[in-house]
Amino acid sequence: MKKLVFMFVVATFLLSMSTNFAVAGDKSNQKLTKEQIAKLRDVFDNYGCSGCHMYMHRDSTSGPAVAVIAAMAKAKPKSWVISWIMDPKKHYNEPDVKALIHQYVQYMPNNGVTKKDAEKLYEYLMAVADGLVKK
Ligand code: HEC
């Protein structure tokens, strides 16, 4: 009997834990599944974006960290970010971009991104900015 009561307590505890998780998940405006995020991340990696934009909040000499560009992208209109991703050269003369180029002593190159993939990369950066990407 004691064993049964113990099992009941454990079960209730586990159940309350899992509902807590569900509630926390609901709060974080989670629109994308893990699989969708992994697919978007593949696009980011396949274009070599992560070669210059590193994870783990680390800047490198090649470019600002992923979290940094995600925050910058979120602060700008979507159309600007899409245009930047597809053809950064168009924007080299804008004052804030000039400051970045000066800081990193590097121009972000044209990576030959298609419109469709630029949309995906934008979506990925928003997921990073919203804290949905763990690493
Ligand atoms: C060769 C290195 C390099 C590669 C590859 C690269 N970037 Fe960049 N990126 C930079 C640098 C450096 C900057 C800072 C601006 C500058 O100096 O041109 C930057 C800036 C950015 C910004 C911020 C723009 C702003 O001013 O708000 C975004 C967004 C971005 N990159 C996205 C991407 C994406 C998406 C890819 C892959 C398609 C990519 N980058 C590939 C080097 C790179």
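In listed order, ligands and their atoms are each counted from 1. Note that the structure is a prediction, hence the values are computed from the model and not measured. In what follows, every heavy atom counts, from backbone to side chain, and hydrogens, waters and symmetry copies are set aside.
The protein heavy-atom contact nearest to atom 29 (C) of ligand 1 is Leu125 CD1, 3.8 Å. For atom 13 (C) of ligand 1, the closest non-hydrogen atom of the protein is Pro64 CD, 3.6 Å. What sits closest to atom 7 (N) of ligand 1 on the protein, heavy atoms only, is His53 NE2, 2.8 Å. Annotation: atom 39 (C) of ligand 1 to nearest protein heavy atom, Met108 CE, 3.4 Å. Among protein heavy atoms, the minimum distance from atom 35 (C) of ligand 1 is reached at Cys49 SG, 3.7 Å. Looking at atom 21 (C) of ligand 1, its nearest protein heavy atom turns out to be Trp84 NE1, 3.3 Å.
Residue contacts with ligand 1 leave out Asp96, since none of its heavy atoms falls under 4.0 Å from the ligand.
Looking at Lys76 against ligand 1, only its side chain comes within 4.0 Å, counting heavy atoms. Here Leu100 has heavy atoms under 4.0 Å from ligand 1 in both its backbone and its side chain. The residue Pro88 has no part lying near ligand 1, judged by heavy-atom distances below 4.0 Å. If you look at Ala70 next to ligand 1, there are no close heavy atoms at all, none under 4.0 Å. With a 4.0 Å heavy-atom cut-off, ligand 1 is reached by no atom of Tyr124.
Under the 3.5 Å distance criterion, the side-chain polar atoms of Asp117 are left unmatched by any main-chain donor or acceptor of Val113.
Note: no N/O pair closer than 3.5 Å links Tyr92 and ligand 1 by distance alone. Residue contacts with ligand 1: Ser62 is placed with no nitrogen or oxygen under 3.5 Å of a nitrogen or oxygen of the ligand (distance criterion only). Geometrically, ligand 1 and Asn111 share no nitrogen or oxygen pair separated by less than 3.5 Å.
Between the side chains of Glu94 and Trp80, a donor-acceptor pair is found at a separation under 3.5 Å.
Using cut-offs of 30° and 60° for the angle between ring planes, the Tyr55 and Tyr124 rings count as perpendicular.
Heavy-atom contacts from other residues, nucleotides or ligands closer than 6.0 Å to NZ of Lys39 number 12 or fewer. With a 6.0 Å radius and a threshold of 12 heavy atoms from other residues, nucleotides or ligands, Tyr107 has its OH atom at or below the threshold.
Less than 4.0 angstrom separates some heavy atom of Met72 from each of these atoms of ligand 1: 23 (C), 27 (O). Ligand 1 places these atoms under 4.0 Å from at least one heavy atom of Tyr107: 18 (O). Each of the atoms 5 (C) of ligand 1 lies under 4.0 Å from some heavy atom of Gly48. Atoms of ligand 1 found under 4.0 Å from any heavy atom of Val113, numbered from 1 in the order shown, are 38 (C). Close approach to Ile101 involves these atoms of ligand 1, each under 4.0 Å from a residue heavy atom: 16 (C), 17 (O), 18 (O). Near Gln106, with a cut-off below 4.0 Å to any heavy atom, the atoms of ligand 1 are 12 (C), 16 (C), 17 (O), 18 (O).
Rounding to the nearest 0.5 Å gives a distance of 12.0 Å between NE2 of His53 and CG of Asp45.
Residue contacts to atom 8 (Fe) of ligand 1: Cys52 brings no N, O or S atom closer than 2.8 Å.
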